Protein chains: 2
Amino acid sequence: MITKELTIGELAERSGVAASALRFYEREGLIHSRRTTGNQRRYHRTTLRRVAFIRASQSVGMPLSVIGEVLGFLPADVPPSREFWVRASECWSKEINARIERMERMRDRFTECIGCGCLSFEQCALVNPGDELADQGPGARRL
Amino acid sequence: MITKELTIGELAERSGVAASALRFYEREGLIHSRRTTGNQRRYHRTTLRRVAFIRASQSVGMPLSVIGEVLGFLPADVPPSREFWVRASECWSKEINARIERMERMRDRFTECIGCGCLSFEQCALVNPGDELADQGPGARRL
DNA sequence: CCCGGACCTAAACTGCGGTTCATGTCCGAG
DNA sequence: CTCGGACATGAACCGCAGTTTAGGTCCGGG
């Protein structure tokens, strides 16, 4: 059969992603499925691509919420166009570069500041960054 | 009075760290305190330095567990020596550089892989990194 | 002596990205 | 028709780095 649908087990095996994660992605709206009369999930083949995109994006550090937003522009059951990949790639690259720069600035500051031995409050830029790291709110912070 | 001890409120204000966080650090063994007869915390002044070090280390992405290990070499109530700062700085710099390199590799892979439009399983290095990201076990992953 | 603000504790909650568990249903091979 | 493996669901749990809440105690000024 051409364009045969996938069960969750098949999708899990072929994508290398656990079935529990796939159900989770579906709850979060990143992927979609049809249901059989017996309430089981059937995935369109293009879902394989969507999952690949999700994992690739995660591997460069993107949070699922952002990936979800971008995938929102990609209708279900439609294979992602070349344009889509390119646009997404550009978008991600910007983000990653920004993060790398941020880390480089931090490292330089740290060596500088530790090197001078100050580490006293009010003077030290490391202890009081002020610019970055500010207003991240309470709770856990992503590294 | 010289070498006056600090209450938790004072330490919180002077370090810019919430009292709840200071109690948390103490539970985790990163800082220490004496207790008054009324069971209230009194901090040695050098604790201010310890907290500064914790926050600085966090700002470059170090997890508390690792910071705790390093602080373990620094006895309570002893001001950190210059040597200590230098050694810690070297140690952190290595870690940060490793992370930056990792992110650069990822970014390059991503642009390369997305650029070619493949994103198919089994071939794509991004989808199947294999080397990094592997064996991180179940549960949440740090970004 | 009394009052209010600072302090104490343990337990529950946050967000992220899922996993694990308990319990119950579906579906295809024999 | 029956059996076992695949699937369904909701709820609870993991680690991290704390915050919030509830309920109780301490301490200094008036």
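Within every chain, numbering begins at 1; the chains are lettered A, B, ... in the order of the sequence lines, protein sequences first and strands thereafter. These numbers come from a predicted model, not from an experiment.
Protein atom CD of B/Glu10 is 18 Å distant from nucleotide atom P of C/dG5, rounded to whole Å. Distance CZ (A/Arg27) to C1' (C/dG17): 10 Å, rounded to an integer number of Å. Note: CG (A/Leu22) to P (C/dG18) measures 10 Å, nearest angstrom. Between the CZ atom of B/Arg34 and the P atom of C/dC7 there is a distance of 15 Å, rounded to whole Å. B/Asn39 places its CG atom 19 Å from the P atom of C/dA6, with the value rounded to the nearest Å. If you take CD of A/Glu5 and P of C/dC27, they are 13 Å apart, rounded to a whole angstrom. In this structure, B/Glu13 atom CD and C/dC7 atom P are separated by 10 Å, rounded to whole Å.
No more than 12 heavy atoms of other residues, nucleotides or ligands sit less than 6.0 Å from atom CD of A/Glu13.
For the pair B/Leu64 and B/Arg42, nearest-nucleotide mapping onto DNA chain D gives the more 5' position to B/Leu64.
If you check every strand for non-hydrogen atoms under 4.0 Å, A/Arg35 touches sugar and phosphate atoms only. Within 4.0 Å of B/Ala19, counting heavy atoms only, lies no atom of the nucleic acid at all.
Side-chain nitrogen and oxygen atoms of A/Thr36 include at least one within less than 4.0 Å of the OP1 or OP2 phosphate oxygen of C/dC27. Dashed line: the shortest gap from a side-chain N or O of B/Gln58 to OP1 or OP2 of D/dC16 is not under 4.0 Å. Residue A/Arg55 places at least one side-chain N or O closer than 4.0 Å to OP1 or OP2 of C/dG18. Proximity of A/Arg41 to the phosphate of D/dA8: a side-chain N or O atom is located under 4.0 Å from OP1 or OP2. Between B/Thr7 and the phosphate of C/dC7, there is a side-chain N or O to OP1/OP2 separation shorter than 4.0 Å.
Each of C/dT9, C/dG18, D/dT9 was ranked by its minimum atom distance to the side chain of A/Arg23; first place goes to D/dT9. Taking every side-chain heavy atom of A/Gln40 into account, D/dC7 is the closest of C/dT19, C/dT9, D/dC7. Of all nucleotides listed (C/dG18, C/dT9, D/dG18), D/dG18 comes nearest to the side chain of B/Ala21. Comparing atom distances between the A/Ile8 side chain and each of D/dC7, C/dC8, D/dT19 picks out D/dC7 as nearest.
A salt bridge between A/Glu10 and A/Lys4 is present, with a side-chain N of the basic residue lying under 4.0 Å from a carboxylate O of the acidic one. Electrostatic pairing of B/Lys94 and B/Glu90 does not count as a salt bridge here, judged by no charged N lying under 4.0 Å from a carboxylate O. Salt-bridge formation is not detected for the pair A/Arg45/A/Glu5: no Lys NZ or Arg NE/NH1/NH2 atom is positioned less than 4.0 Å from an Asp or Glu carboxylate oxygen.
Side-chain atoms of A/Ser33 and A/Glu26 form a donor-acceptor pair, as typed in the model, at a separation below 3.5 Å.
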